[in-house]
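Heavy-atom basis, side chains included; hydrogens, waters and symmetry copies ignored.
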Amino acid sequence: MRKSLIALAFGTLGLGIAEFVMMGILPDVAAEMGVDIATAGQLISAYAIGVCVGAPMLILARKFPLKNILLVLVALMMAGNLFAAAAPNFWTLFAARFISGLPHGAYFGVGSIVAAKLADEGKGSSAVSIMIAGMTVANLFGVPLGTSLSNTISWRLPFLLVGIWSVVTLFYIWRWVPQVEGLPDTGFRGQFRFLKHLAPWLVLGATMFGNGSVFCWYSYINPLLTQVSGFSAEAVSLLMIMAGAGMVVGNLLGGRLSDRYMPGRVAMVTQGSIMVLLLAIFFAAPVGWLTALLMCCCTAGLFAISSPQQLLLIRYAPGGEMLGAASVQVAFNLGNALGAYVGGLPLKAGLGYQYPALIAAPVALIGFTLLLAFYRRYERKPLLPAKVAK
(Lines give C-alpha, C1' and ligand atoms only; values in the text may rest on other atoms or scores of the structure.)
Protein backbone atom coordinates (compact mmCIF):
# COMPACT_ATOMS: atom_id res chain seq x y z
CA MET A 1 0.00 0.00 0.00
CA ARG A 2 1.39 3.41 -0.96
CA LYS A 3 2.44 5.64 1.91
CA SER A 4 0.75 8.58 0.21
CA LEU A 5 -2.65 6.89 0.55
CA ILE A 6 -1.92 6.15 4.22
CA ALA A 7 -1.13 9.84 4.76
CA LEU A 8 -4.46 10.78 3.19
CA ALA A 9 -6.17 8.23 5.44
CA PHE A 10 -4.59 9.92 8.49
CA GLY A 11 -6.61 13.01 7.59
CA THR A 12 -9.91 11.14 7.26
CA LEU A 13 -9.12 9.43 10.58
CA GLY A 14 -9.05 12.81 12.34
CA LEU A 15 -12.15 13.99 10.51
CA GLY A 16 -13.94 10.77 11.37
CA ILE A 17 -13.28 11.12 15.09
CA ALA A 18 -14.34 14.77 15.03
CA GLU A 19 -17.59 13.97 13.23
CA PHE A 20 -18.71 10.71 14.82
CA VAL A 21 -17.48 11.00 18.41
CA MET A 22 -20.36 13.35 19.22
CA MET A 23 -22.82 10.45 18.97
CA GLY A 24 -21.01 8.57 21.75
CA ILE A 25 -20.46 11.55 24.07
CA LEU A 26 -23.80 13.31 23.54
CA PRO A 27 -25.17 12.57 27.04
CA ASP A 28 -21.98 13.85 28.72
CA VAL A 29 -21.96 17.05 26.66
CA ALA A 30 -25.67 17.63 27.33
CA ALA A 31 -25.19 17.16 31.08
CA GLU A 32 -22.27 19.61 31.36
CA MET A 33 -23.83 22.21 29.06
CA GLY A 34 -27.21 22.02 30.81
CA VAL A 35 -29.29 21.05 27.75
CA ASP A 36 -31.36 18.00 26.85
CA ILE A 37 -30.07 15.31 24.49
CA ALA A 38 -32.26 16.46 21.58
CA THR A 39 -30.82 20.00 21.88
CA ALA A 40 -27.29 18.66 22.16
CA GLY A 41 -27.98 16.86 18.87
CA GLN A 42 -27.74 20.30 17.24
CA LEU A 43 -23.97 20.02 17.70
CA ILE A 44 -24.08 17.22 15.14
CA SER A 45 -25.94 19.54 12.80
CA ALA A 46 -23.43 22.36 13.42
CA TYR A 47 -20.59 20.20 12.10
CA ALA A 48 -22.69 19.24 9.10
CA ILE A 49 -23.47 22.87 8.31
CA GLY A 50 -19.75 23.64 8.44
CA VAL A 51 -19.15 20.92 5.87
CA CYS A 52 -21.79 22.40 3.57
CA VAL A 53 -20.27 25.88 3.82
CA GLY A 54 -16.64 24.79 3.51
CA ALA A 55 -16.87 22.51 0.47
CA PRO A 56 -17.97 25.14 -2.10
CA MET A 57 -15.07 27.36 -1.01
CA LEU A 58 -12.81 24.95 -2.93
CA ILE A 59 -13.55 26.91 -6.09
CA LEU A 60 -11.53 29.77 -4.62
CA ALA A 61 -8.51 27.45 -4.29
CA ARG A 62 -8.85 25.67 -7.64
CA LYS A 63 -5.60 27.16 -9.02
CA PHE A 64 -3.46 26.10 -6.06
CA PRO A 65 -1.51 22.81 -5.90
CA LEU A 66 -3.64 20.00 -4.49
CA LYS A 67 -1.10 19.10 -1.82
CA ASN A 68 -1.00 22.68 -0.52
CA ILE A 69 -4.79 22.73 -0.27
CA LEU A 70 -4.69 19.54 1.80
CA LEU A 71 -2.19 21.07 4.25
CA VAL A 72 -4.34 24.16 4.79
CA LEU A 73 -7.43 22.04 5.38
CA VAL A 74 -5.69 19.91 8.00
CA ALA A 75 -4.50 23.06 9.78
CA LEU A 76 -8.12 24.26 9.91
CA MET A 77 -9.19 20.88 11.33
CA MET A 78 -6.60 21.31 14.09
CA ALA A 79 -7.82 24.82 14.98
CA GLY A 80 -11.51 23.89 15.08
CA ASN A 81 -11.06 20.90 17.36
CA LEU A 82 -8.76 22.69 19.79
CA PHE A 83 -11.40 25.43 19.97
CA ALA A 84 -14.05 22.79 20.74
CA ALA A 85 -11.89 21.30 23.52
CA ALA A 86 -11.76 24.70 25.24
CA ALA A 87 -15.39 25.78 24.65
CA PRO A 88 -16.89 27.28 27.85
CA ASN A 89 -20.58 27.06 26.86
CA PHE A 90 -23.02 25.47 24.43
CA TRP A 91 -23.03 28.18 21.76
CA THR A 92 -19.24 28.49 21.77
CA LEU A 93 -19.07 24.73 21.27
CA PHE A 94 -21.66 25.07 18.50
CA ALA A 95 -19.39 27.60 16.74
CA ALA A 96 -16.35 25.36 17.23
CA ARG A 97 -18.20 22.41 15.72
CA PHE A 98 -19.09 24.58 12.73
CA ILE A 99 -15.42 25.53 12.24
CA SER A 100 -14.36 21.90 12.64
CA GLY A 101 -16.71 20.94 9.81
CA LEU A 102 -15.40 23.51 7.32
CA PRO A 103 -12.44 21.42 6.03
CA HIS A 104 -14.32 18.10 5.97
CA GLY A 105 -15.97 18.06 2.55
CA ALA A 106 -13.12 19.96 0.93
CA TYR A 107 -10.58 17.44 2.24
CA PHE A 108 -12.55 14.53 0.84
CA GLY A 109 -12.94 16.31 -2.47
CA VAL A 110 -9.25 17.05 -2.92
CA GLY A 111 -8.11 13.80 -1.29
CA SER A 112 -10.32 11.68 -3.57
CA ILE A 113 -8.81 13.24 -6.68
CA VAL A 114 -5.27 12.82 -5.36
CA ALA A 115 -5.97 9.18 -4.42
CA ALA A 116 -7.46 8.45 -7.86
CA LYS A 117 -4.46 10.02 -9.59
CA LEU A 118 -2.07 7.92 -7.50
CA ALA A 119 -4.00 4.68 -8.10
CA ASP A 120 -3.08 1.95 -10.57
CA GLU A 121 -5.29 1.67 -13.61
CA GLY A 122 -8.70 0.21 -12.79
CA LYS A 123 -8.13 0.60 -9.04
CA GLY A 124 -9.52 4.10 -8.54
CA SER A 125 -12.38 3.07 -6.27
CA SER A 126 -10.08 0.90 -4.13
CA ALA A 127 -7.66 3.83 -3.74
CA VAL A 128 -10.50 6.13 -2.67
CA SER A 129 -11.70 3.47 -0.23
CA ILE A 130 -8.20 3.38 1.34
CA MET A 131 -8.38 7.13 1.87
CA ILE A 132 -11.88 6.79 3.36
CA ALA A 133 -10.61 3.90 5.50
CA GLY A 134 -9.25 6.44 7.96
CA MET A 135 -12.79 7.39 8.83
CA THR A 136 -13.77 3.77 9.41
CA VAL A 137 -10.71 3.22 11.60
CA ALA A 138 -11.82 6.32 13.52
CA ASN A 139 -15.08 4.57 14.27
CA LEU A 140 -13.31 1.32 15.12
CA PHE A 141 -10.78 2.77 17.59
CA GLY A 142 -10.96 6.58 17.80
CA VAL A 143 -14.65 7.01 18.61
CA PRO A 144 -14.73 4.24 21.26
CA LEU A 145 -11.59 5.72 22.79
CA GLY A 146 -13.19 9.15 22.77
CA THR A 147 -16.38 7.76 24.31
CA SER A 148 -14.36 6.05 27.04
CA LEU A 149 -12.35 9.20 27.77
CA SER A 150 -15.60 11.16 27.96
CA ASN A 151 -17.16 8.69 30.38
CA THR A 152 -14.13 8.49 32.65
CA ILE A 153 -12.50 11.94 32.45
CA SER A 154 -14.04 14.59 30.18
CA TRP A 155 -15.81 14.92 26.83
CA ARG A 156 -13.23 17.58 25.93
CA LEU A 157 -10.39 15.08 25.57
CA PRO A 158 -11.55 13.57 22.25
CA PHE A 159 -11.41 17.00 20.60
CA LEU A 160 -7.97 17.64 22.10
CA LEU A 161 -6.91 14.26 20.71
CA VAL A 162 -8.01 15.27 17.20
CA GLY A 163 -6.14 18.55 17.48
CA ILE A 164 -2.91 16.71 18.33
CA TRP A 165 -3.51 14.11 15.61
CA SER A 166 -3.86 16.93 13.07
CA VAL A 167 -0.22 17.88 13.71
CA VAL A 168 0.83 14.31 12.91
CA THR A 169 -1.27 14.38 9.76
CA LEU A 170 0.28 17.65 8.61
CA PHE A 171 3.74 16.13 8.85
CA TYR A 172 2.95 12.97 6.93
CA ILE A 173 1.03 14.69 4.15
CA TRP A 174 3.97 17.07 3.74
CA ARG A 175 6.42 14.15 3.78
CA TRP A 176 4.61 11.36 1.88
CA VAL A 177 2.10 12.91 -0.53
CA PRO A 178 3.74 13.96 -3.81
CA GLN A 179 2.77 16.99 -5.83
CA VAL A 180 0.37 15.56 -8.41
CA GLU A 181 -0.77 17.23 -11.57
CA GLY A 182 -3.54 19.71 -10.89
CA LEU A 183 -6.86 19.83 -12.66
CA PRO A 184 -7.44 22.02 -15.73
CA ASP A 185 -8.93 25.36 -14.73
CA THR A 186 -12.33 25.57 -16.38
CA GLY A 187 -13.06 28.94 -14.80
CA PHE A 188 -15.58 29.84 -12.13
CA ARG A 189 -18.61 28.89 -14.20
CA GLY A 190 -16.97 25.74 -15.48
CA GLN A 191 -16.73 24.41 -11.94
CA PHE A 192 -20.53 24.33 -11.72
CA ARG A 193 -21.33 23.19 -15.26
CA PHE A 194 -21.75 19.53 -14.28
CA LEU A 195 -24.76 20.53 -12.15
CA LYS A 196 -26.75 21.19 -15.33
CA HIS A 197 -27.11 17.44 -15.79
CA LEU A 198 -29.31 14.93 -13.98
CA ALA A 199 -26.71 12.28 -13.08
CA PRO A 200 -24.89 14.16 -10.30
CA TRP A 201 -28.17 15.32 -8.76
CA LEU A 202 -29.41 11.73 -8.52
CA VAL A 203 -26.20 10.68 -6.76
CA LEU A 204 -26.19 13.71 -4.45
CA GLY A 205 -29.85 13.25 -3.56
CA ALA A 206 -29.32 9.56 -2.88
CA THR A 207 -26.31 10.40 -0.71
CA MET A 208 -28.25 12.94 1.34
CA PHE A 209 -31.33 10.79 1.95
CA GLY A 210 -29.38 7.55 2.31
CA ASN A 211 -27.02 8.99 4.91
CA GLY A 212 -29.87 10.91 6.54
CA SER A 213 -31.73 7.67 7.07
CA VAL A 214 -28.82 6.11 8.95
CA PHE A 215 -28.25 9.20 11.07
CA CYS A 216 -31.92 9.36 12.08
CA TRP A 217 -31.07 6.26 14.09
CA TYR A 218 -27.30 6.48 14.68
CA SER A 219 -27.37 10.01 16.14
CA TYR A 220 -29.15 8.56 19.18
CA ILE A 221 -27.43 5.18 19.30
CA ASN A 222 -26.11 5.65 22.85
CA PRO A 223 -29.51 6.03 24.59
CA LEU A 224 -31.02 3.35 22.33
CA LEU A 225 -28.43 0.80 23.43
CA THR A 226 -28.60 1.70 27.12
CA GLN A 227 -32.28 2.51 27.66
CA VAL A 228 -34.00 0.17 25.20
CA SER A 229 -31.61 -2.68 24.41
CA GLY A 230 -30.47 -3.01 28.03
CA PHE A 231 -26.71 -2.51 27.68
CA SER A 232 -24.72 -0.81 30.42
CA ALA A 233 -23.02 2.54 29.83
CA GLU A 234 -19.66 0.78 30.13
CA ALA A 235 -20.57 -1.60 27.30
CA VAL A 236 -21.21 1.25 24.84
CA SER A 237 -17.49 1.69 24.08
CA LEU A 238 -17.19 -1.99 23.07
CA LEU A 239 -20.35 -1.72 20.98
CA MET A 240 -18.92 1.34 19.21
CA ILE A 241 -15.86 -0.76 18.37
CA MET A 242 -18.17 -3.36 16.84
CA ALA A 243 -19.95 -0.66 14.82
CA GLY A 244 -16.56 0.64 13.68
CA ALA A 245 -15.52 -2.86 12.60
CA GLY A 246 -18.63 -3.00 10.45
CA MET A 247 -17.63 0.30 8.84
CA VAL A 248 -14.10 -0.94 8.07
CA VAL A 249 -15.37 -4.13 6.43
CA GLY A 250 -18.13 -2.31 4.55
CA ASN A 251 -15.80 0.38 3.22
CA LEU A 252 -13.18 -2.03 1.86
CA LEU A 253 -15.83 -4.35 0.45
CA GLY A 254 -17.65 -1.46 -1.23
CA GLY A 255 -14.44 -0.27 -2.89
CA ARG A 256 -13.53 -3.69 -4.24
CA LEU A 257 -17.03 -4.45 -5.48
CA SER A 258 -17.18 -1.08 -7.25
CA ASP A 259 -13.97 -1.85 -9.14
CA ARG A 260 -15.41 -5.22 -10.17
CA TYR A 261 -19.03 -4.24 -10.79
CA MET A 262 -20.74 -0.95 -11.61
CA PRO A 263 -20.50 1.48 -8.64
CA GLY A 264 -24.09 2.61 -9.13
CA ARG A 265 -25.32 -0.96 -8.83
CA VAL A 266 -23.28 -1.53 -5.67
CA ALA A 267 -24.66 1.68 -4.14
CA MET A 268 -28.25 0.81 -5.10
CA VAL A 269 -28.20 -2.69 -3.61
CA THR A 270 -26.51 -1.43 -0.46
CA GLN A 271 -29.06 1.33 0.04
CA GLY A 272 -31.93 -1.12 -0.32
CA SER A 273 -30.32 -3.32 2.32
CA ILE A 274 -29.98 -0.36 4.70
CA MET A 275 -33.71 0.32 4.44
CA VAL A 276 -34.52 -3.26 5.49
CA LEU A 277 -31.97 -3.15 8.30
CA LEU A 278 -33.44 0.03 9.80
CA LEU A 279 -36.88 -1.55 9.99
CA ALA A 280 -35.36 -4.61 11.62
CA ILE A 281 -33.59 -2.42 14.21
CA PHE A 282 -36.90 -0.82 15.20
CA PHE A 283 -38.62 -4.15 15.82
CA ALA A 284 -35.57 -5.84 17.39
CA ALA A 285 -34.53 -2.93 19.65
CA PRO A 286 -35.45 -4.67 22.97
CA VAL A 287 -33.30 -7.70 22.02
CA GLY A 288 -29.75 -6.62 22.86
CA TRP A 289 -27.64 -9.12 20.91
CA LEU A 290 -29.78 -8.79 17.78
CA THR A 291 -29.70 -4.98 17.93
CA ALA A 292 -25.89 -5.09 18.16
CA LEU A 293 -25.67 -7.40 15.14
CA LEU A 294 -28.03 -5.25 13.07
CA MET A 295 -26.10 -2.15 14.11
CA CYS A 296 -22.88 -3.61 12.68
CA CYS A 297 -24.60 -4.55 9.42
CA CYS A 298 -26.11 -1.09 9.07
CA THR A 299 -22.83 0.74 9.72
CA ALA A 300 -21.15 -1.58 7.20
CA GLY A 301 -23.74 -0.50 4.64
CA LEU A 302 -23.21 3.18 5.47
CA PHE A 303 -19.55 2.97 4.41
CA ALA A 304 -19.92 0.37 1.69
CA ILE A 305 -21.82 3.03 -0.20
CA SER A 306 -19.27 5.82 0.35
CA SER A 307 -16.51 5.08 -2.16
CA PRO A 308 -18.93 4.23 -5.01
CA GLN A 309 -20.71 7.55 -4.53
CA GLN A 310 -17.41 9.44 -4.29
CA LEU A 311 -16.18 7.84 -7.51
CA LEU A 312 -19.44 8.49 -9.34
CA LEU A 313 -19.32 12.21 -8.64
CA ILE A 314 -15.76 12.48 -9.91
CA ARG A 315 -16.80 10.56 -13.03
CA TYR A 316 -19.94 12.61 -13.65
CA ALA A 317 -18.47 16.05 -12.92
CA PRO A 318 -16.19 16.84 -15.89
CA GLY A 319 -14.51 20.21 -15.43
CA GLY A 320 -15.60 20.39 -11.79
CA GLU A 321 -14.20 17.18 -10.36
CA MET A 322 -12.88 18.75 -7.17
CA LEU A 323 -16.16 20.48 -6.39
CA GLY A 324 -18.09 17.38 -7.42
CA ALA A 325 -16.13 15.12 -5.09
CA ALA A 326 -16.54 17.62 -2.26
CA SER A 327 -20.26 17.85 -2.99
CA VAL A 328 -20.68 14.21 -1.95
CA GLN A 329 -19.59 15.17 1.54
CA VAL A 330 -21.94 18.17 1.48
CA ALA A 331 -24.79 15.81 0.65
CA PHE A 332 -23.52 13.32 3.24
CA ASN A 333 -23.54 15.94 5.97
CA LEU A 334 -26.81 17.54 4.89
CA GLY A 335 -28.16 14.06 5.45
CA ASN A 336 -26.35 14.02 8.78
CA ALA A 337 -28.08 17.26 9.82
CA LEU A 338 -31.42 16.11 8.43
CA GLY A 339 -31.14 12.78 10.18
CA ALA A 340 -30.17 14.25 13.57
CA TYR A 341 -33.14 16.63 13.38
CA VAL A 342 -35.75 14.18 12.08
CA GLY A 343 -34.55 11.47 14.46
CA GLY A 344 -35.05 13.84 17.37
CA LEU A 345 -38.70 14.55 16.51
CA PRO A 346 -40.16 11.34 18.01
CA LEU A 347 -37.99 11.86 21.10
CA LYS A 348 -39.41 15.36 21.60
CA ALA A 349 -42.86 13.81 21.21
CA GLY A 350 -42.11 11.47 24.10
CA LEU A 351 -41.63 8.25 22.10
CA GLY A 352 -38.92 5.68 22.79
CA TYR A 353 -35.39 5.72 21.40
CA GLN A 354 -36.21 2.95 18.90
CA TYR A 355 -38.58 5.22 16.95
CA PRO A 356 -35.86 7.17 15.07
CA ALA A 357 -35.10 3.90 13.23
CA LEU A 358 -38.73 3.61 12.16
CA ILE A 359 -38.76 7.15 10.78
CA ALA A 360 -35.45 6.41 9.04
CA ALA A 361 -36.86 3.61 6.85
CA PRO A 362 -38.94 5.79 4.47
CA VAL A 363 -36.01 8.24 4.22
CA ALA A 364 -33.84 5.30 3.13
CA LEU A 365 -36.48 4.37 0.56
CA ILE A 366 -36.10 7.77 -1.10
CA GLY A 367 -32.34 7.22 -1.38
CA PHE A 368 -32.87 3.77 -2.87
CA THR A 369 -35.36 5.13 -5.42
CA LEU A 370 -32.90 7.77 -6.61
CA LEU A 371 -30.11 5.20 -7.01
CA LEU A 372 -32.45 2.88 -8.86
CA ALA A 373 -33.26 5.72 -11.27
CA PHE A 374 -29.53 6.42 -11.71
CA TYR A 375 -28.71 2.79 -12.38
CA ARG A 376 -31.50 2.30 -14.90
CA ARG A 377 -30.60 5.45 -16.83
CA TYR A 378 -26.80 5.53 -16.68
CA GLU A 379 -25.42 2.09 -15.92
CA ARG A 380 -27.81 -0.53 -17.27
CA LYS A 381 -27.24 1.03 -20.70
CA PRO A 382 -23.81 2.72 -20.46
CA LEU A 383 -23.53 5.97 -22.39
CA LEU A 384 -20.73 6.99 -24.73
CA PRO A 385 -17.86 8.83 -22.97
CA ALA A 386 -18.82 12.12 -24.61
CA LYS A 387 -22.27 11.88 -23.06
CA VAL A 388 -21.31 10.47 -19.71
CA ALA A 389 -22.28 13.52 -17.66
CA LYS A 390 -25.64 14.13 -19.31
Side-chain angles (χ1 to χ4, degrees), residues 8 10-22 42-85 87 91-115 128 131-132 134-135 138 159 162-163 165-166 169-170 173 182-183 188 191-192 194-195 200 203-204 207-208 211-212 215 306 309-310 313-314 317 320-340:
L8 293 174
F10 282 177
T12 60
L13 172 59
L15 291 169
I17 297 174
E19 180 176 21
F20 286 102
V21 76
M22 186 57 70
Q42 295 177 19
L43 296 170
I44 299 172
S45 300
Y47 187 95
I49 295 168
V51 177
C52 298
V53 172
M57 293 174 64
L58 272 179
I59 60 174
L60 303 176
R62 65 185 186 275
K63 296 182 181 180
F64 291 92
L66 299 180
K67 179 177 178 178
N68 292 6
I69 298 174
L70 288 172
L71 292 171
V72 171
L73 293 172
V74 174
L76 187 57
M77 175 174 69
M78 175 183 66
N81 282 281
L82 291 177
F83 184 26
W91 289 111
T92 305
L93 181 57
F94 187 94
R97 291 288 292 166
F98 172 79
I99 295 171
S100 299
L102 289 174
H104 186 112
Y107 184 93
F108 273 85
V110 178
S112 296
I113 293 170
V114 172
V128 173
M131 181 201 73
I132 295 175
M135 182 165 280
F159 298 118
V162 176
W165 181 251
S166 300
T169 304
L170 276 171
I173 289 179
L183 299 172
F188 184 84
Q191 297 293 311
F192 295 92
F194 72 95
L195 293 174
V203 177
L204 290 172
T207 303
M208 184 182 73
N211 182 69
F215 273 85
S306 295
Q309 289 172 332
Q310 200 81 46
L313 253 296
I314 295 174
E321 291 88 350
M322 189 159 61
L323 181 60
S327 296
V328 176
Q329 293 302 312
V330 173
F332 188 97
N333 282 272
L334 279 174
N336 190 334
L338 172 70

(request) Quick one: which residue pairs count as a side chain to side chain donor-acceptor pair (under 3.5 Å) with a foot in residues 93-107, not counting sequence neighbours? (result)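 Of all non-adjacent pairs touching residues 93-107, those that pass side chain to side chain donor-acceptor pair (under 3.5 Å) are Y47-H104, H104-Q329.
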
Flag side-chain contact, heavy atom, 4.5 Å: [X] against [Y]:
{"X": "I132", "Y": "T12", "answer": "no"}
{"X": "M131", "Y": "F108", "answer": "yes"}
{"X": "L338", "Y": "F215", "answer": "no"}

How close do [X] and [Y] get, heavy atom to heavy atom, and via which atoms?
{"X": "P103", "Y": "L73", "result": "CB-O, 3.3 Å"}
{"X": "A84", "Y": "F159", "result": "CB-CG, 3.9 Å"}
{"X": "S306", "Y": "F332", "result": "OG-CE1, 4.4 Å"}
{"X": "L66", "Y": "V110", "result": "O-CG1, 3.6 Å"}
{"X": "V162", "Y": "M77", "result": "CG1-CG, 4.4 Å"}

(request) Only counting residues at least two apart or in another chain, list the ones meeting ring pair (Phe, Tyr, Trp, His ring centres under 6.0 Å) with F192. (result)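 Ring pair (Phe, Tyr, Trp, His ring centres under 6.0 Å) list for F192, sorted by chain: F188.
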
(request) With sequence neighbours excluded, tell me which residues meet side chain to side chain contact (heavy atoms under 4.5 Å, CB included) with V53. (result) I49, F98, L102

To the nearest 0.5 Å, how far apart are [atom1] in [X] and [atom2] in [Y]?
{"X": "L71", "Y": "I173", "atom1": "CG", "atom2": "CD1", "value": "6.0 Å"}
{"X": "S327", "Y": "Q310", "atom1": "OG", "atom2": "CD", "value": "9.5 Å"}
{"X": "L8", "Y": "L13", "atom1": "CG", "atom2": "CG", "value": "12.5 Å"}

Main chain of [Y], side chain of [X]: is a donor-acceptor contact present, judged purely on distance under 3.5 Å?
{"X": "T92", "Y": "A87", "result": "no"}
{"X": "W165", "Y": "G11", "result": "no"}
{"X": "N211", "Y": "T207", "result": "no"}

